[in-house]
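Let me begin by presenting the structure, written as structure tokens, before commenting on it.
We use all heavy atoms of the structure for the numbers below, so side chains are in, but hydrogens, waters and symmetry mates are not.
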Amino acid sequence: MFVRYIVLALMPPNRATFVKKAPQEDAAALPPAPDPPTPAVPEPLLASTTSLPSSEAASSSQKMAFLRNIGTQKRQREKENKVDRGHKLTAAKKRKSEEAEKRRAEIEKHESEERRKQEELAQCEAEKEAYEKKSIVQNRSDSMPPAPKTKPTPPDRTIHDVSQMSERTKQRRRAAIRKEAEKIFPDGFEVKKSRRKQPAISAEDCVRLLATTNVTVSFLRILRRYGIVPSITKIYEVKHALLHSMPSIDMFTIGPRDSEVTVTLISLHEVLKYALSKPQFVAALPPGPIKVTLAADAGGSGVAHSTKLCCYFNDIENPISVNNLIVLACYPATDSRVYLKDLFAAYIDEFKKLENGIDTAEGHRELELFIVLDLKCNSTVIGHQGSSATFFCQFCFSTDDESQHGVCCRSRTLEDQWRLGLDIENKGGTSRAAKRAHLSVFGPPLIPPSIVVVPPVMHVFGGVLNVILKRVVEAAETDPIFDEMLGRLTKECGVEIQYPSHEYLAKDATKLTHYIIDGDHFWVPLYDLLFEACELLRFCKARYYEDNEIEEFAQQVKVLFVKIRENELKIIPKAHIFEHHIVPFFRTYKSWSIFSEQSVECLHKVYNVVAAKRRGKSKKTVERAQSTFFTNNLLRLRPSG
């Protein structure tokens with residue numbers, strides 16, 4: 001009975017039904033069972049349940065509040081359970097990662113132990129093999145007789161460098177050489193000093209390599225090891241000697257006060273005198289006046305943008321090559337009149353001095369100066385308003401209406417420009433009416449009347465091509481299919497049209513025309529006109545032409561412009577200059593391409609390379625770049641025919 005009492009006492013409350021079915025006599029005999037344990041209830045719940053009023057007295061609102069309280073507590077418990085479950089999952093993941101890391105460390109430790117054991121085993125094998133070889137050699141040496149003892153050889157104390165020998169040592173060497181020579185040549189001999197072998201590249205050529213190519217001093221040091229070039233010291237000595245014999249480089253500021261820039265320049269008279277002091281160079285020039293052309297242009301990208309003034313001889317081989325250009329001045333600004341006025345003022349005295357000729361290696365010679373600029377820069381230099389003026393042409397006094405009908409008025413000379421420019425400057429006329437009354441002249445020229453102004457060949461020929469290509473562009477604007485075909489063609493050629501003028505650059509127009517003609521793109525409008533214009537390029541070689549060739553060129557120009565007017569194309573100022581002023585210049589000077597401005601356009605790339613090595617935008621950095629550019633140009637100058 002005692003055991004049964006214990007079982008019933010430990011029985012949970014949900015087994016009360018089982019207790020009720022027990023026999024009555026047994027239940028009466030047992031002592032009263034203790035009360036079942038009360039389940040633990042949270043304190044908030046207990047408080048709410050104890051404060052719950054009786055069902056008869058409680059209102060419906062109180063009951064609803066009671067139920068909401070119970071729901072809130074239930075949701076809070078569920079939220080806490082979710083947070084606990086999340087913490088448990090995070091802890092489990094962390095525990096798993098730690099166990100995986102531990103297993104990985106154990107595997108790495110095991111592998112390192114295996115490698116160490118293998119290395120120790122290999123080392124033991126190597127030591128064993130070395131020991132066996134040593135024992136074999138020792139056994140052989142024990143069986144062989146001992147080697148005889150020899151005296152140690154004295155160290156070689158011979159001095160191989162002659163510069164470190166004393167006079168007594170040199171005399172002994174000469175005597176020893178003479179004694180040996182007497183054994184070989186008993187009948188007599190003569191000892192002569194051998195001539196030193198000259199390097200394959202001279203020091204002067206090395207200086208020009210450094211100035212004109214990407215060859216560096218480090219590369220010359222490598223060549224020096226093989227005796228190809230002289231010593232670096234010798235190269236620098238020759239460089240300083242060459243620069244000392246050449247014209248000096250000067251620097252001063254130009255422009256208005258608020259935007260002054262530093263210009264680097266050399267004397268035109270000194271440069272020409274230095275070049276003409278070489279007998280071979282002067283002998284290669286033809287008889288008659290020496291022709292020298294001045295050229296200026298602004299160009300370059302970014303920090304390297306600058307304006308350059310150059311000159312070159314017209315009567316040498318390949319005169320318009322960039323390698324034959326002599327840089328006279330360079331400054332980091334545009335080619336506007338405020339800068340060009342100060343620049344040409346520095347040369348105006350030299351221009352007048354050269355009117356009387358120049359001394360050369362073969363005596364006094366006459367000198368004829370030309371100047372070629374693009375139309376924008378040319379109008380600035382001669383004091384003309386530009387291509388949009390009433391009298392738009394810089395070489396005559398024609399108007400736009402007269403140009404459309406093929407009429408050319410009286411030629412415009414520098415004397416006329418000086419007369420009209422000084423008159424308007426004295427009167428102080430700045431209005432449009434005053435400039436129109438003075439035939440579109442706003443001021444005096446910056447150069448003396450003795451200099452011949454050359455029509456810019458490359459720019460005006462590009463204008464002729466643009467007259468024809470403009471009709472092609474207009475056709476593309478009205479036809480979507482043709483527009484797509486022309487866009488694909490220009491993309492293949494690598495050119496872009498310029499806005500807002502709707503024209504191509506002169507070099508791009510020439511490139512596109514060649515691409516159309518060479519590719520036989522007959523679908524392009526006015527293909528025949530483009531072909532006729534390309535035929536004129538036969539006369540653009542840098543040489544002098546015969547009279548019959550010049551007349552053939554004049555006839556082709558006449559036929560071309562007749563067809564242009566038949567197709568009702570608008571004549572732009574560049575095309576007018578090509579029609580009326582290229583042929584007279586061609587007839588007078590027997591050439592029009594040896595005075596080209598094309599070489600100056602290529603000079604911008606050379607300056608960009610020099611400026612790229614001098615990084616920075618400061619004034620001192622720009623001055624150093626200009627000085628290096630001038631030095632390299634002077635060292636490249638080889639006036640030797």
Side-chain angles (χ1 to χ4, degrees), residues 155-166 169-170 173 177 192-249 264 266 271 274-275 278 280-281 300-304 306 308 310 317-318 321-327 330 599 602-618 620-641:
D156 187 11
R157 302 182 183 276
T158 307
I159 300 175
H160 297 280
D161 193 354
V162 180
S163 61
Q164 297 179 2
M165 294 181 183
S166 62
T169 305
K170 292 179 182 178
R173 288 286 181 90
I177 293 172
K192 291 184 178 180
K193 189 176 182 181
S194 60
R195 189 176 181 181
R196 179 176 293 182
K197 188 177 180 181
Q198 296 293 333
I201 304 176
S202 64
E204 187 175 350
D205 292 334
C206 291
V207 171
R208 291 193 170 90
L209 282 175
L210 290 172
T212 58
T213 64
N214 292 327
V215 173
T216 60
V217 179
S218 302
F219 181 71
L220 292 182
R221 285 196 176 97
I222 296 173
L223 297 181
R224 172 60 183 163
R225 298 175 187 173
Y226 301 95
I228 300 176
V229 298
S231 64
I232 304 299
T233 305
K234 179 66 175 177
I235 293 173
Y236 276 104
E237 288 177 357
V238 172
K239 178 180 178 180
H240 293 313
L242 287 173
L243 291 176
H244 184 71
S245 63
M246 290 180 178
S248 59
I249 301 174
T264 308
I266 55 177
V271 165
Y274 169 77
K278 310 295 181 181
Q280 295 180 352
F281 179 70
S301 57
V303 184
S306 60
K308 305 164 189 70
C310 315
E317 184 181 358
N318 197 7
S321 171
V322 69
N323 295 324
N324 292 324
L325 280 181
I326 305 172
V327 182
C330 178
S599 55
C602 302
L603 192 64
H604 299 313
K605 185 178 179 180
V606 179
Y607 183 76
N608 290 343
V609 174
V610 176
K613 297 179 181 179
R614 301 277 185 180
R615 297 182 179 178
K617 300 181 181 179
S618 64
K620 186 172 289 187
T621 304
V622 174
E623 290 177 0
R624 288 178 179 175
Q626 293 178 8
S627 179
T628 305
F629 177 61
F630 265 80
T631 303
N632 292 346
N633 183 264
L634 289 175
L635 292 174
R636 186 178 65 242
L637 180 63
R638 302 185 70 171
S640 56

Study note, to complete from the structure: All heavy atoms of Ile249 vs all of Ser627, minimum pair found to be CD1-O, 4.5 Å

Point to revise | Interatomic spacing from CG in Leu603 to CG in Asn323 - rounded to 0.5 Å | key: 10.0 Å

Point to revise | Distance in Å, Ser306 OG paired with Tyr607 OH, rounded so as to fall on 0.5 Å steps | key: 4.5 Å

Study note, to complete from the structure: Sorted by chain and residue number, the side-chain hydrogen bond (donor to acceptor under 3.5 Å, both in side chains) partners of Ser202 (sequence neighbours excluded) come out as Asp205

Distance-only donor-acceptor hits, side chain of residues 221-246, under 3.5 Å, sequence neighbours excluded:
unit_1, atom_1, unit_2, atom_2, d
Arg224, NH1, Val229, O, 3.3
Ser231, OG, Lys234, N, 3.3
Ser245, OG, Ala241, O, 3.4
Ser245, OG, Leu242, O, 2.8

**Study point:** Leu210 side, atom CG; Leu220 side, atom CG - distance, nearest 0.5 Å
**Key:** 5.0 Å

